[in-house]
Structures are given as C-alpha cells and as structure tokens.
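One is the number of the first residue; the rest follow in order along the sequence.
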Amino acid sequence: MPISESIEKSVFELDEKDRLLLLIKLLESLEPETKDGSQIDKWVNEAETRYQSWKAGEMNTISEETVFRELRNNPEDDR
C-alpha cells in the first residue's frame, strides 16, 4: 500500500529533529530484536556520515531515473 500523500506531506513538514526521531522509530520497527539500539545507532551514524559527505560535495550521486533504469535492465545483478 503506497504512503498516502497526507502522511508524506505531514512527515516533511516536521522539523529535522522530529524527522530524525521518526526515522529511528521506523528503523527500530524493521529490526525489533535490537534491544540496546546499537544497530539503530549504526544506521543513524551511517546516514549522518553519508548526508554530511553529500552536503560537502564529496559523494558522487546517481539520479533516481538512472538507478531504476539500471535495475530494470539488470534485475539479477547484485549491487
């Protein structure tokens, strides 16, 4: 089921801190066996590292269009 536009709009209206808290809750829901949060902390740290690298222009990016085109052309390819 796709995310409703109203939920998506509401999420993007949240301030940065609240979006991060929501992200953590969502990650925890995907890995509920993580009791001490260490796995979640690793995800958050990795996301922050990548975000800072992207902001500093240190990361090459690939457009969404290119990613999905490559996935459609090579569905069996392990990336």
What are the two closest heavy atoms between Arg50 and Met59, and how far apart are they?
O-CE, 3.5 Å
Does Leu26 belong to the same Ile/Leu/Val/Met/Phe/Trp/Tyr cluster as Ile7, with side-chain heavy atoms less than 4.5 Å apart forming each link?
yes
Any donor and acceptor pair, going by atom type alone, linking the side chain of Ser53 with main-chain N or O of Thr49 inside 3.5 Å?
no
Does the distance from a Lys or Arg side-chain N to an Asp or Glu carboxylate O, for Glu13 and Lys9, drop under 4.0 Å?
yes
CG/Leu20 to NZ/Lys17 distance, rounded to the nearest 0.5 angstrom?
9.5 Å
I'd like to know if Tyr51 and Leu23 are part of one continuous hydrophobic network [Ile/Leu/Val/Met/Phe/Trp/Tyr, side-chain heavy atoms within less than 4.5 Å].
no
Name all pairs fulfilling the salt bridge (Lys or Arg N to Asp or Glu O under 4.0 Å) condition that reach into residues 55-66, sequence neighbours left out, sorted by first residue then second.
Glu65-Arg69
